[in-house]
Each structure stands twice: as structure tokens, then as C-alpha cells.
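I have placed the structure first, in the form of C-alpha cells, so that the comments after it can refer back to it.
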Amino acid sequence: SMLFPSEIYIESAAEEPRVLCIVQDTTNAKTVNERLTLNLPASTTVSKLYEDVAHKAGYANGTFCLAWANTGPKTNHKEFLFKIMRRSYINLTWLSKHADESGTADSSGLDDSSQGRFIGPLPRDGTVGCSSDYSSPSYSYSSILNKSETGYVGLVNQAMTCYLNSLLQTLFMTPEFRNALYNWEFEESEEDPVISIPYQLKRLFVLLQTSKKRAIETTDVTRSFGWDSSEAWQQHDVQELCRVMFDALEQKWKQTEQADLINQLYQGKLKDYVRCLECGYESWRIDTYLDIPLVIRPFGASQAFGSVEEALQAFIQPETLDGPNQYFCERCKKKCDARKGLRFLHFPYLLTLQLKRFDFDYTTMHRIKLNDRMTFPEELDMSPFIDVEDEKSPQTESCTDSGAENEGSCHSDQMSNDFSTDDAVDEGICLDNTSSAERVLKPKSSLTFELFSVMVHSGSAAGGHYYACIKSFSDSQWYSFNDQHVSKITQDDIRKTYGGSSGSRGYYSSAFASSTNAYMLMYRLKDPSRNAKFLEVEDFPEHIKRLVQREKESEEQEKRQREIERNTCKIKLFCMHPVKMMMTENKLEVHKDKTLREATEMAYKLMDLDGVVPLDCCRLVKYDEFHEYLERSYEGEEDMPMGLLLGGVKSSYMFDLLLEIRRPDQVFQPYKPGEVMVKVHVVDLKSESIAAPVSVRAYLNQTITEFKQLIAQATGLCAETMRVVLERCYNDLRLLYVPNKTLKAEGFFRSNKVFVESSDSTDHQAAFTDSVLWKLLDRHGNTIRLFVSLPELSPGSLANRTSCPKASADSEDSLDGAKGSRKSVEAILEESTEKLKNLSLQQQQHQQQSSSTSDSQKSSEHSDFEHIESPAQEPDAASQPSQTENSTRAASDTENQFPSEERSDSDVNNDRSTSSVDSDILSSSHSSDTLCNADSGPLPLANGLDSHSITSSRRSKAHKGKKETWDTAEEDSGTDSEYDENGKSKADAQYLYFKAEPYSQEDGSGEGQKCLLVHVDKRITLAAFKQNLEPFVGVPSTQFKVFRVYANNQEFESVRLNETLSSFSDDNKITIRLGRALKKGEYRVKVYQLLVNDPEPCKFLLETVFAKGMTVRQSKEELLPQLKDQCKMDISIDRFRLRKKTWKNPGTVFLDYHVYEEDINISSNWEVFLEVLEEPERMKSMSQLAVLTRRWCPAQMNLEAFREVVLESSSVEELKEKLSELSGIPLENLEFAKGRGTFPCDMSVLEIHQDLDWNPKVSTLNVWPLYICDDGAVIFYRDSTEELMELSEEERNELMKKESSRLLKTGHRVSYSPRKEKALKIYLDGGPTKDPGQD
């Protein structure tokens, strides 16, 4: 007995002190952050601590070492914990002598002495449990990552691969299969290991046996199947997978020792026979099976089989062929009563039973799951089921085995596949002459099978989850293998999988009821001479030992890599590349012990600067990307480790690093915390250019005067005449003119942008908002860059060009002539530029005559050609030289000039479509003297205004004194297309910046697509933008459409001409397509043909345009030539009608005199039905009602074609009279019912007679339950005296299948299925062959 030292002798265990032990598992990278907490009595020995840690961590005792943080490992395992310390920090590592064994440990044969093995059930003493001594922390996600205490390894569920995991674990726990797989040696020279299914299975089994992980991936196995990631989201049947996988293995194992392995282990034989009951003659054939499908509930029965034994007995129970089903006997030469059935000749070593829980309910036409209870024994005696003959005749004959052996399950009425239909099986051979080997009869003692795997399905017929309950042959313990979770279970848990659902057996309880029950059973023959054990480690073949070693090295490499990653700082790295002239981004991953100097060299190589700039011209600085702010530099800290410099090891930081580059003649400026960074753009008013930014660092407490001196030093400008403008945010410019104000008071922040100008110009005398400087900055801030793809012009479109010169006089004479005369984009650009120069000169002359402001006195060279320099780091600025496109008019004709306003008219378009708000923006948004028409004089400044008074928000200035609203007089609030007949507005024509230059974009065929690079003020309206594009497109703006291209290449048409381009941003893409654009009051309409008696009654014809105020007849007249040209439909105007379309339902018939927007509501992207009439239109008035009728003929079980009936009122009596007149059914015998659902209200012919609400007791159609108030309603009618056709059960079932198939094709009745099932396939060549024509 153990005596406590006297100094800690405790009388009561409750008073005994405790020791808190915190154990860090460092055995692999995944568990390195895990902590095991044990609160143990102080009297606990180190040896007992080892046992408790092994129990809690799931490791075998003796395979790991515990090292105390302060003293290291303890050699005396009898030492008490209280002698070590009251709080212990302990590291758990593998013992060196067991580290080599861990990769090859076997999971079999574990007994109490096998302490060195850690796979398989760990030896546990039932009295060891000391859970009461543990500190039980709250549940955390990390706890599920610990290895299972069973010692077995789970499989990760990729998404919906639980069925695969269940089968793989079953095969792994089958000694004969696993050993055979290990004995097969893979020849890498013959096949790629990636697509070798046996090799990947073997590798998976090795990992299941030797891995220290809680669960391993199955992606390599599924990749060898030829599956892609989408297969992980398809759930399949585990029995189907078993069949397909076995077939794939047999194909792969051809010409090897394992060629017949599947058949040796899983294949059995049975006899399919028919015996004449008069003469005893028997015809039979032999088939093979890999599993036996057992019916849960016989067809048509309400009671299920109670056990597997009952189902097996029913499986071999013969049926009698009599009456019309009599069998033609070859010996009797006549039809005789016969007995047909199955007999088992041979059972496989591994017997697989499939419980057929999934069935199809023909009454509801839905797939269902049968949750009935079916028991199965742990030991199954199959001797009663082998070759039992209840009747014997002395002259029984048999047929030979014709070789028609099906690899798969056996099949009869209760089986899933059909037998081979070989006619040669009818040759009779006397059964007495057949050898005794033909009957594979064995003693009953040798046909006892032991249950070792139950594959369970939890869920319904619509879907669910698979897991496996498997018994280990090592210790007869049952385990649950539920994906990555492995746990011990008991016999009670197995019995819970028998099934058994409560309540009725109705549709809802069957189709949707979720239940957990056994689906597939695996038994092994109890035969000591054949029952194998798992291979021991020392018995592994050499190639398996090599594989184990490779996997061990791979896992160690992964562990080292994870350890490196755990100590790696990952931070965003930016650099302004000196050659690309753009800010590049990358991820810098640097070890925490690397110095700043080493990290700088890594960043230098990462940014591809080798050979571009010297390394000593680069340094790393702390950077804030969001504010574009350099926070600080690291002078004198070049040798500091990055882990300390960055404040610890993290995968992401709240700040970034910038690799700063200097010129060789420059010196790096130190950046100190607390400074602000200012990007200074120098503005040149003469060239109207804005230079690239110069970075200056300042302090918030500096005054404006001091700040100007700082800028003067950096830029060389004169501080005396310097004007400094701060851009605080978008559309907000502040002139800094109060000398003693500090930067902080002016609103400076961490990162700022200022524009400076210093010249002798008189511009500084003008009010800031009326100065040339403000106009230039305003244009700079609102200009965006767009990529415009131009259409290929057809010869006809060239002939119709009115807003730009024709290419040649004979451009429309011939196709070749038109193509040859077509001008290039460059030529059009040059031509339009010359025209714009002349236009600009006329503008200036006009402005001078009107005594305009002095700003318009500039030379034509400066007015016509503007230059804005914009560096790459300023994405919101215009960046290329521009021409006079900024002053382009809506069109090129300049004949109409007005003394009070600038205005230009083209041959087609005489106005610009602009709302009042757009006009406000245009009239007051000055960009330069040629950009605007100053319709008001400069606003004088009041005396004593501070800097806020001359701060200009461009948007607020544009709306000064005007009502900010989008509802204007020019707009029609009831439409989506609010323009007059020419798409113009009465607003004054004002001009915003527009500049276009051609560029070529490769389209993959080697030919470049004609494109434009457009710089435009985004306050321009779509109408003005289109008119500016006219010279480049080659047709008037009304003859082309603008489509905005989004990131996913989807195109959407921009149709609101009075809206601006404010929603566009830099580098957006626009596609121009030829076609008539919408004018005010016009709507784009899709026309579909209504074919009431076709399988698909809705067919798209064309897209057209309807206008407000147009009559239906006028729209029909416009449709006629389009129908003839596009759809080859040559019909007269009186032989078709238009009617309302609501999804697929036909509605109101539109009469010829109806007017759109007055009688018929119309909207954008409207859809309408076109219906061809066989006779002149009968609908003349809105009081009439047109219904579609269909006669139901119950005697023939069919429906006649649709016929239209036009009613003068909503009277039921009138409807019946019309139907009686149409069909000849006496009025008193006529019954009708309203169709259900979407047109054509299709339903099964088996349901029409009973399910519809026939002959409703109403007098008018517009009341409940009919509610027929509009044209297009579907009415079924019948003769009440006509009897329903009588159908046999077979005919009903056949008709039910036919109707189900028909309705599924038409889409009017969809069976309950949440997703379309995909066929399960395993590809032997590594993957499916993709059809390029498939989606």
C-alpha cells in the first residue's frame, strides 16, 4: 500500500489539494494549438497521469512522452504530482522509438499486451475512468478535432459523400478484402497512380491504419474515379456504388492475381427455373449475384415482412403459372400449369443483403421510403434456403448452364435487374445425369454467417445520410463510423436500426417521413479455415512498407510545413512599380525570425524589381492602403525580427507594408508617426494639364503659410502667388487662403490630395467657383474612362447616315462597293475633329460678339486641344491628351444658331433629350471656356466671407436655386421611355467634356474589334453621349442602342436618355448595337405565338416596338412585314389577333380600336401573344368573353382539341348552350368544369373524371368558385351519361406510367424530387469525355 508523506496527510479525500495539469499536444500541426486540462488529486502519480492523458487524448499509453515545461520529462513514474508543482504546463510528444512504428502500426490483433499499437480499439481497463477528476471545460469546436478514443480514423465528408465513406469503412474492416488489396503491387510504369482505383484504395487503407489524424480525406480516391468536385454534391445509393466500384476493380485487376477476387469473396449462384406440374419437366438456367435484394413489403400488400428470414423465404417462394399465364411445356407440347421460382445454389463467402426500402408509389406517382420494421440476426443460418425442392418427379429435366451469368444481383419479380434472355436455356437434360457438383449443397453447419456491417440510411426518399455500424473481428466490438466521427456502440444501437414507423402508411408518412434504419447488411461465413485476420505490421509486403514510409514522410513534411506556417507573418505588400507605373499588390510571407533587411530583400524579389532598381534604393515602410497613407519608416531597425516589428505572428494585419523606391540621387525621408501625407498635384493653366502627384509630409499644426513654403520647396513653385486647393472628398474643393489657419482646422487627415497653381495669370482675381482653375479641377474630378465597342455597319446602315458625311456617292449600290467605301474609325475621328475645330471657332466668335467673359478670349489652339496628365495611381482622372471633343455638339450640323443660346441640329435630331435636372447640371457645370455657355454672369463674393464661403460642392452649385426633382414637365411619369418623337428635350443645349480615340481589341480570331477609348464627363446625359458617338458609329443616335457590360459579361440596355452617366465608373465597358432606339412613349415588346393545341403552346417570334397612342390595328400593320421577314409568316391583318400574355396564360383579346396606354396598360419589356385565326375575328366588343373549351371523353379516356367559344355575357346558361351546339351533347346531360393551373391546364386523364369540380352550382361565370372574368379561361366539358372506361390493373398501371412520363415532359406535374439525380459512374480512364456541344 502507498503511504502519503506526513506533511500532506489528508484524512478526507474531499480536503485533498488538487494539481491543475495543462497538456499541449505537439504530436502534429493540427493539434499543436489544442490543450488538454486535467484537474487531478495531488496524490496522483506520474504513471497515473500518463494513463489519464492516454484516455483523454485517445492515444495508446507508452507511445508518447510528457515533458514538463520547466524541468523536462520525468523518469520516476512513481513520483507524486504535488512534488512537481501545483500548476503544471506539459508538452505531449511521440516517443522516438515509437515514432517509426507509428506509420506501420496495425489495427488488428490488439490485446492487453499490445501497448505499442495505437490503431484499433485501445486496451481500456473498465476501472480506469477518472472523468470525475477532469476539469470539464465548456464545449468548443476544437474538441471535435481530437483523435477518436477508439483509435480508429474517420473519413471526411466532401459534401454528400457519406454513402461512399460507409462502404469504404466496411471494405477496410473486411480482413480478406484489405489483405488482398495489400498483397497487390502497383506498377507505376504501367499506369498513372492518380487514376488507379486499386492503388488509391490501398493508399487510403494504409492511411486509415497508420494515420495519427482524426479523419482523412477521400478526394484522391474520388479523383481516381474520374469525378470532379460536382460529384461531391450528388448523393447516390450505397448498393449502387458497391456494384459500380466492384465492376471497376474487376476491370482494373484484369491479368493480375486479384482478377477473380470480387467473385471469390462476394459472388454467389442461383437457379432460375420453371417446372411443369403435369410431367415434371424443368427448364432452368444459372445466374450469378453479388447481393440479394430483399423486399420489405410485397407489391400491393399492406403488411411488411417482419424479418430477413421471412424476406429470404419469400424470395425463393415459387409462383404458380396458371390460367392465361400458363407455361408451354416442351415435353407435353401444350400449355400447362407450372411453377416458377429461384433456388440458391451457392452462397458467397461475404454475403450482402440489400433491404429494398426505396420504392415507387403508383397511386401518388412519388418515390417513397419504407420505414417498416425488419429484424436481422447477428448469426444467419442460410442452409434452409439452398436448393430446396418441395416437389420431386422421377422424370424432372434440366437445361444446361448456357453461360448467361449476370455479374450483379439475382433478379426475379422482386429483383432490381432482368435476367439474361438466352433462348438456348430451353434444351432439356435429364437431372439424374447431372453431376453432384451441379448442386453445391453444404452441411448446415458450414452455412452460418456472422453479421459484421450494417449500413444505415437516415432520412426520407428525397434524401438523407448514410453511416455504417461495423463490428471489429479483432475484439467483436461494434463501432459507429459516421464520416469523421468514430465511436463505440452496443447491440442496443444495432437493434435500433431495425426500423418501424408509427402512424398511417399514407403518402405523406412514406414520402416525407424521416427514419433511421438498416439499408444494407454484410455477413461473413463462419469458417475457421477461411476466416482471416488483419496483416500484422511485420507481415506487410515490402511495397506496403515503402508506401507506409512515404506516407509517413509526407505527413512529417506536412507537419513541418504547418509549423513553418504557424511562425509565418502574412501581410499585404504594395509597391508603385517604376516601369508599369501602377500600384501592384502581393502577399509577403516572412518567418517571424527574419530581419527587416531580409524581409526587404524578399519583397524586392517578390515585386520583380531585380534589374529595374538597385536593392539599396528600396525600403519597407508601414502603410495604410485605405487612406494611401505612409504611417512610419523603420530607420535603425533593419536587424529587428519581423515578428517583433509587426507586433506578433498573424495571418492578417490592420496595416500593410509598402516597398518604397527612391532614385539613386535621392535620400529616403524619415516618416514619423503623427505626420500627415499630402499628394500635391501641380496644375498648369496654360496647357490645362494636371501633373503627377508629389508626396509631401506635413504636420496638422502647420499653418497654411508654412504649408505653402513646404510645397514650394518640393515643387519649385513660387509661394507668393500660389493657390492651394484641398479636395476633401468627391465633389468638394476647398481653396486654402487664410494664412494663419492650421491644416487641422482646414480638415486635413492622414492622407490628403491638394492641387496647387502658381502663375501670373489674372485668374486668381476671379471668384474661385468662376475661375479657370475651378473649371479645370471640376472637369478632372468628373471625367471617367469608358471602353466602347462599335458595331460592324451593314451597307444599308451606311446609306442612312445623316449625322456624318457619306463615305461615297455610290455607297449603297452594291455590297462590295459599300464595304469598300466604308471609312475607318480613325478617318471618322479625324473628320469629326476638323468639324469640331471649325465649330469651336464659330462658338468663340459668337461668344465674343455676345460680350462673354474674358475667359473665352483664349486662342483656338488652347481651346481645341486640352491635355490632362494623370498618373496611374490616380484612377479617377482622365489621363490622355484630348481634342475638341469636349465641345462637341449633339450633332455636326451648325446651320441653326440662336443669338441667346448655343444650339446645333442634325438632319434627324433637332433637340437633345434632357430633363430639367440634367439641364441644370449642364448649364452650370463649367469645365473650360469652350466647354460651357455662361448663361449667367459671375457671382460676386460678399465681403468678409471665410474659406467655407468659397468652398464649392459641384453638385450643390449645379442645383443652386433650382428644385431638385426627377419629375419634370418633359417626362411622362407613367412610362419608362419619356421622350418626344425625336428623343429630344426642350432644354438648352450645353456641352460637357467628351473625347474619343480609337483602339483595337483582339477578339481571338486575330482580327481586332473596332473600339473607342472615351473620356467623358459623367454628368453628361445618355442622349448627349449618344449624339457625341454618332460620328464614330456612323448612324444617327436614334438608330443604335447602348448596352452596359457588367463583370459577368451580361449586357443590359441603357434606355433612359435623360439620365446621366453618374452610375458609370472608370474602365466600364459599353457595347453599341445597331437598331432603333426608343423614343418618348415607346416600349420594347416581345411577341410570342399562341398555339393552343401544340405540346409547347408558347413560341417566341420577334421583338418589336409599340408606342403610346398607337392603336392595336396600327401595331398589327407594323408587325406584318416583320413577321414576313423574320418569321416567314405571310398572313393577312384580319387573320391574327394580339392578346394579353401573363407568363404562359393567354388573357384579354385586344380589339383593333384599342389604344395603348389608354385602353391597354403597357410597360417596358412587355410581352404579348399573337394568335393566328382560322376564321375572321368574332370578338367585337369588350363585353364579350372568349373561353377555350376542351371536351373530355371518358369512354375513350382522352381529351379533344381546344376550341374557342365566344360568349356575349357571363351567363352559365349561355356557355352550356354554346357547348351543346358545338358538341351535340343534350343540354341536360352537359357538365363543365374550370381547368386548374397554368395554361393549358394539363392533368392526367386518370384524374380528370374525379378530381375536377364538375357542374358547379352557379348561374354566372364571374363568381366563386369559377371567377372567370377575363378571356383565356380553360373549360372542360363532358356528357354525364358517358360511362368511364373500365381498366384492368395492368392497363391502369401502364396508363399511369405513360401519363406520368407525358406530364413530366410538359412540365405540368413534377414528381417530388428536390434535385435531378445524376447517374453514378466510375470512369476507368480518369474522367468523362466532355461533349463540346453540351452545356
Side-chain angles (χ1 to χ4, degrees), residues 363-365 507 1090 1092-1093 1097 1139-1149 1169 1171 1178-1179 1181-1287 1295-1296 1299 1302-1303 1306-1310:
T363 60
T364 62
M365 304 304 290
Y507 160 65
L1090 176 63
V1092 294
N1093 287 307
R1139 64 189 305 168
K1140 182 179 179 181
K1141 177 179 182 291
T1142 307
W1143 194 33
K1144 294 184 178 181
N1145 297 309
T1148 308
V1149 174
F1169 268 130
E1171 185 178 10
R1178 291 181 293 162
M1179 292 289 290
S1181 166
M1182 287 295 292
S1183 62
Q1184 292 176 306
L1185 188 65
V1187 294
L1188 293 166
T1189 64
R1190 200 171 188 186
R1191 179 172 179 175
W1192 162 241
C1193 303
Q1196 290 81 35
M1197 293 288 284
N1198 67 357
L1199 284 164
E1200 293 183 355
F1202 276 107
R1203 299 180 70 178
E1204 185 179 76
V1205 171
V1206 177
L1207 305 176
E1208 301 299 326
S1209 67
S1210 296
S1211 166
V1212 170
E1213 192 63 32
E1214 182 186 359
L1215 172 65
K1216 286 188 172 183
E1217 289 174 359
K1218 291 284 182 72
L1219 292 177
S1220 176
E1221 180 183 341
L1222 184 69
S1223 62
I1225 300 174
L1227 192 61
E1228 62 273 11
N1229 297 336
L1230 192 140
E1231 295 180 340
F1232 75 95
K1234 182 185 177 182
R1236 297 175 182 172
T1238 305
F1239 184 83
C1241 305
D1242 216 348
M1243 61 190 303
S1244 171
V1245 295
L1246 295 172
E1247 300 173 353
I1248 291 178
H1249 204 71
Q1250 295 85 11
D1251 289 6
L1252 290 179
D1253 184 14
W1254 290 99
N1255 225 24
K1257 305 300 181 183
V1258 291
S1259 58
T1260 59
L1261 300 175
N1262 56 1
V1263 297
W1264 184 87
L1266 296 177
Y1267 284 126
I1268 299 176
C1269 306
D1270 196 6
D1271 302 325
V1274 173
I1275 298 292
F1276 294 104
Y1277 64 96
R1278 69 183 180 187
D1279 187 343
S1280 61
T1281 61
E1282 189 175 341
E1283 294 292 333
L1284 185 65
M1285 177 191 290
E1286 291 187 6
L1287 299 173
L1295 183 59
M1296 194 176 294
E1299 283 293 282
R1302 180 181 67 85
L1303 294 174
T1306 58
H1308 291 281
R1309 177 73 64 86
V1310 180

Rounded at 0.5 Å granularity, tell me how far [atom1] in [X] sits from [atom2] in [Y].
{"X": "S1210", "Y": "L1215", "atom1": "OG", "atom2": "CG", "value": "10.0 Å"}
{"X": "E1231", "Y": "W1192", "atom1": "CD", "atom2": "CH2", "value": "13.5 Å"}
{"X": "T1189", "Y": "Y1277", "atom1": "OG1", "atom2": "OH", "value": "5.0 Å"}
{"X": "M1197", "Y": "E1286", "atom1": "CE", "atom2": "CD", "value": "11.5 Å"}
{"X": "N1145", "Y": "C1241", "atom1": "CG", "atom2": "SG", "value": "7.0 Å"}

Just wondering, are more than 12 heavy atoms of other shown residues or ligands nearer than 6.0 Å to [atom1] in [X]?
{"X": "Q1196", "atom1": "CD", "result": "yes"}
{"X": "E1283", "atom1": "CD", "result": "no"}
{"X": "Q1250", "atom1": "CD", "result": "yes"}

Any idea which heavy atoms bring [X] and [Y] closest together, and the distance?
{"X": "L1227", "Y": "E1217", "answer": "CD1-N, 3.8 Å"}
{"X": "L1252", "Y": "A1233", "answer": "CB-CB, 4.0 Å"}
{"X": "P1146", "Y": "L1090", "answer": "CB-CD2, 3.6 Å"}
{"X": "I1268", "Y": "I1275", "answer": "CD1-CD1, 3.5 Å"}

4.5 Å side-chain heavy-atom contact, [X] and [Y]:
{"X": "P1194", "Y": "D1279", "result": "no"}
{"X": "E1200", "Y": "C1193", "result": "yes"}
{"X": "V1149", "Y": "Q1184", "result": "no"}
{"X": "L1303", "Y": "M1243", "result": "no"}
{"X": "V1212", "Y": "F1232", "result": "yes"}
{"X": "K1234", "Y": "W1254", "result": "no"}
{"X": "S1280", "Y": "N1229", "result": "yes"}
{"X": "T1281", "Y": "P1226", "result": "no"}

Exam field: side chain [X] to backbone [Y], donor-acceptor pair closer than 3.5 Å:
{"X": "R1191", "Y": "R1278", "result": "no"}
{"X": "S1220", "Y": "I1225", "result": "yes"}
{"X": "E1299", "Y": "V1245", "result": "yes"}

What residues form a salt bridge (charged side-chain N to carboxylate O under 4.0 Å, His left out) with [X], not counting sequence neighbours?
{"X": "E1214", "answer": "K1218"}
{"X": "E1204", "answer": "R1137, R1139, R1178"}
{"X": "R1203", "answer": "none"}

### Query
Could you give all pairs that pass the side-chain hydrogen bond (donor to acceptor under 3.5 Å, both in side chains) test and reach residues 1264-1273, with sequence neighbours left out?
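As it turns out, the side-chain hydrogen bond (donor to acceptor under 3.5 Å, both in side chains) pairs with a partner in residues 1264-1273, which skip direct neighbours, are T1148-D1270.
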### Query
Salt bridge check: are R1236 and D1251 linked by an N-O gap of less than 4.0 Å?
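D1251 and R1236: not salt-bridged.
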### Task
Indicate, with yes or no, if the rings of F1239 and F1169 have centres closer together than 6.0 Å.
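Centroid distance F1239-F1169: not below 6.0 Å, so no.
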#### Entry: Contacts of F1276 that satisfy ring pair (Phe, Tyr, Trp, His ring centres under 6.0 Å) - sequence neighbours left out
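Counting only residues at least two positions away or on another chain, F1276 forms no ring pair (Phe, Tyr, Trp, His ring centres under 6.0 Å).
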### Message
Can you tell me which residue among V1205, L1219, V1274 is in a side chain to side chain contact (heavy atoms under 4.5 Å, CB included) with V1187?
### Response
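In the set V1205, L1219, V1274, the residue that makes a side chain to side chain contact (heavy atoms under 4.5 Å, CB included) with V1187 is V1205.
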### Task
Sequence neighbours left out, what passes side-chain hydrogen bond (donor to acceptor under 3.5 Å, both in side chains) with K1141? Give chain and number order.
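So K1141 forms a side-chain hydrogen bond (donor to acceptor under 3.5 Å, both in side chains) with E1167.
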